[in-house]
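Note that this is a predicted model, so its numbers are computed, not measured. Excluded from the calculations below are hydrogen atoms, water molecules and symmetry mates; all remaining heavy atoms, backbone and side chain alike, are included.
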Amino acid sequence: MKDSLGARGSVRFGVIGCGTVAYWTHLRELKKLNRARLVAAADPDPSARARASRLANVPVHANANELLARSDIDAVIISAPNCFHAELALAAAKAGKHLYLEKPIAVAAGDARRVVDAAEEAGIVSAMGFNRRCHPVFEQGRALISKGKIGRVRAVQTVFSEPSLPASMPDWKRGRETGGGVLLDLASHHLDLLRWFLGDEVERIEARVTSDVTEQDSAWLWLSMRSGAEASGFFSFRAGRADTLEFIGEHGTLRLDRHRCVLSLRRGRRFGYGVRRSFVLPSAGAVAWRLARLTRPSWESSYRRALAAFVQMCRGGPRRLASLSDGLRNLEIILAAEESARTGAVVPVAGGI
């Protein structure tokens with residue numbers, strides 16, 4: 001195992017891939033984190049390099065290997081186009097850099113397994129960028145489910161849609177071969193949250209995928225969990241903006257809405273027919289996020305919280321983030337969904353813990 005940084009100063013970061021996510025989150029948030037220091041970035045696109053250089057005021061390399069060769073970098077964040085995730089992750093592991101890898105882990109299962117094996121062999125600290133696990137409202141919702149507030153979960157309904165015009169999409173995001181489509185981009189978040197909320201595994205899946213304007217721009221999923229719970233999901237680039245999960249338990253329902261910054265817990269009335277809303281005091285993290293959104297309506301606190309958790313991991317702290325094995329499992333579910341969409345059959349999900 002590569003030595004963690006312990007009490008030795010800040011974790012020195014490099015960011016590989018300076019597109020939209022890096023520009024609006026990683027390059028900004030790293031500069032605000034305790035015990036973290038942004039040292040350099042890399043991107044082959046001259047315009048992305050220029051924009052990142054103006055924002056972060058650090059050297060921006062044209063070649064990722066130049067960044068990985070630097071001795072003054074301890075860890076890297078990989079936020080390049082999806083089709084390059086595995087290649088860059090393997091290079092980071094070979095260079096002995098701690099690794100925060102944006103989802104998906106790869107676009108093919110074989111590449112994903114190689115990434116998991118390489119990180120383990122290198123002994124580096126690694127994590128998947130499933131930042132929603134660090135969302136304060138989702139953290140609180142998961143705790144309520146774990147405490148049995150709605151009883152055993154029997155069903156889950158989930159929707160994640162982000163309207164995206166083809167003209168505003170990077171070329172790689174429009175085709176599956178380069179890592180585009182709603183399954184890898186949107187559904188991957190909720191599939192990870194489903195496993196995380198329930199502490200359960202997807203056993204089989206049925207899917208329908210359409211390509212109205214770009215490849216795989218809408219998808220409908222029906223999933224059976226090992227516990228017996230059933231889940232359904234809708235994901236789209238062609239529908240109005242929404243990001244919700246609703247858990248239906250034996251004693252009540254829990255609904256989480258990321259855009260509204262709220263969760264809603266409903267249980268049966270003590271007297272008479274119907275349901276009542278149970279008051280849930282917002283967590284400190286949720287309150288802080290709501291207050292911040294008064295002046296920054298688009299700010300998403302889970303990115304900063306996830307990076308802060310990764311810094312702690314690099315310094316020897318506990319794991320709070322999704323592992324590369326979680327990333328592999330996530331991809332296995334997506335590949336099973338794609339097979340179901342092609343064949344029209346219910347498909348068992350390979351692998352799993």
Side-chain angles (χ1 to χ4, degrees), residues 1-15 25-26 29-30 33-36 73-79 85-86 88-90 92-93 95-106 112-147 188-202 283-285 300-333 351-353:
M1 170 69 72
K2 180 179 177 180
D3 291 339
S4 62
L5 299 173
R8 181 176 63 80
S10 298
V11 182
R12 301 168 299 179
F13 276 91
V15 174
T25 59
H26 303 323
E29 301 296 357
L30 281 174
L33 287 180
N34 292 329
R35 301 291 190 177
I73 287 179
D74 305 304
V76 295
I77 297 172
I78 294 177
S79 55
H85 281 193
L88 292 169
L90 290 170
K97 309 298 186 186
H98 300 312
L99 172 64
Y100 184 96
L101 178 60
E102 279 295 345
K103 54 81 186 169
I105 187 172
R113 294 188 188 99
R114 282 189 284 276
V115 170
V116 173
D117 292 343
E120 183 175 349
E121 182 178 349
I124 59 174
V125 175
S126 60
M128 289 298 305
F130 286 120
N131 56 288
R132 304 294 171 77
R133 291 193 182 198
C134 294
H135 191 294
V137 173
F138 292 173
E139 287 178 331
Q140 187 172 16
R142 182 176 185 246
L144 291 172
I145 290 176
S146 298
K147 293 175 182 176
S188 57
H189 272 301
H190 280 207
L191 292 172
D192 178 69
L193 288 173
L194 187 63
R195 296 178 60 242
W196 180 68
F197 268 99
L198 301 181
D200 201 359
E201 292 290 348
V202 179
S283 67
E300 169 60 84
S301 66
S302 64
Y303 287 100
R304 181 182 297 179
R305 290 162 63 94
L307 290 176
F310 183 66
V311 170
Q312 291 176 353
M313 286 173 58
C314 290
R315 293 173 52 80
R319 172 174 292 280
R320 291 182 49 229
L321 304 176
S323 67
L324 295 179
S325 294
D326 288 317
L328 170 58
R329 182 59 173 169
N330 190 273
L331 181 61
E332 288 171 340
I333 298 169
I353 300 170

Q: May I ask you to decide if Glu102's main-chain N or O and His85's side chain share a donor-acceptor pair within less than 3.5 Å?
A: yes
Q: A side-chain contact here means heavy atoms from C-beta on lying under 4.5 Å apart; do Val115 and Leu328 qualify?
A: no
Q: Who passes side chain to side chain donor-acceptor pair (under 3.5 Å) against Arg304, sequence neighbours left out?
A: Glu29
Q: According to side chain to side chain donor-acceptor pair (under 3.5 Å), who are the partners of Arg142, at least two apart in sequence or on a separate chain?
A: none
Q: With heavy-atom distances below 4.5 Å as the criterion, would you say the side chains of Asn131 and His189 are in contact?
A: yes
Q: Pick out which of Glu300, His135, Glu139 makes a side-chain hydrogen bond (donor to acceptor under 3.5 Å, both in side chains) with Arg305.
A: Glu139
Q: Looking at residues at least two apart in the chain, or sitting in another chain, which of them share a side chain to side chain donor-acceptor pair (under 3.5 Å) with Thr25?
A: none
Q: Please list all pairs passing the side-chain hydrogen bond (donor to acceptor under 3.5 Å, both in side chains) test where one or both residues lie in residues 113-128, with sequence neighbours left out.
A: Asp111-Arg114
Q: Between Arg133 and Leu321, does a side chain to side chain contact (heavy atoms under 4.5 Å, CB included) hold up when you go through it step by step?
A: CA-CA 7 Å; Arg133 291 193 182 198; Leu321 304 176; 5.9 Å; no
Q: Residues in salt bridge (Lys or Arg N to Asp or Glu O under 4.0 Å) with Arg132, at least two apart?
A: Asp243
Q: Only one of Phe310, Tyr303, Phe13, Phe130 forms a ring pair (Phe, Tyr, Trp, His ring centres under 6.0 Å) with Tyr100, so which one is it?
A: Phe310
Q: May I ask you to test the Arg195-Ile333 pair for a side-chain heavy-atom distance under 4.5 Å?
A: yes
Q: Is the closest side-chain heavy-atom distance between Met128 and Leu324 below 4.5 Å?
A: yes
Q: Salt bridge (Lys or Arg N to Asp or Glu O under 4.0 Å) with Arg319: which residues, sequence neighbours excluded?
A: none
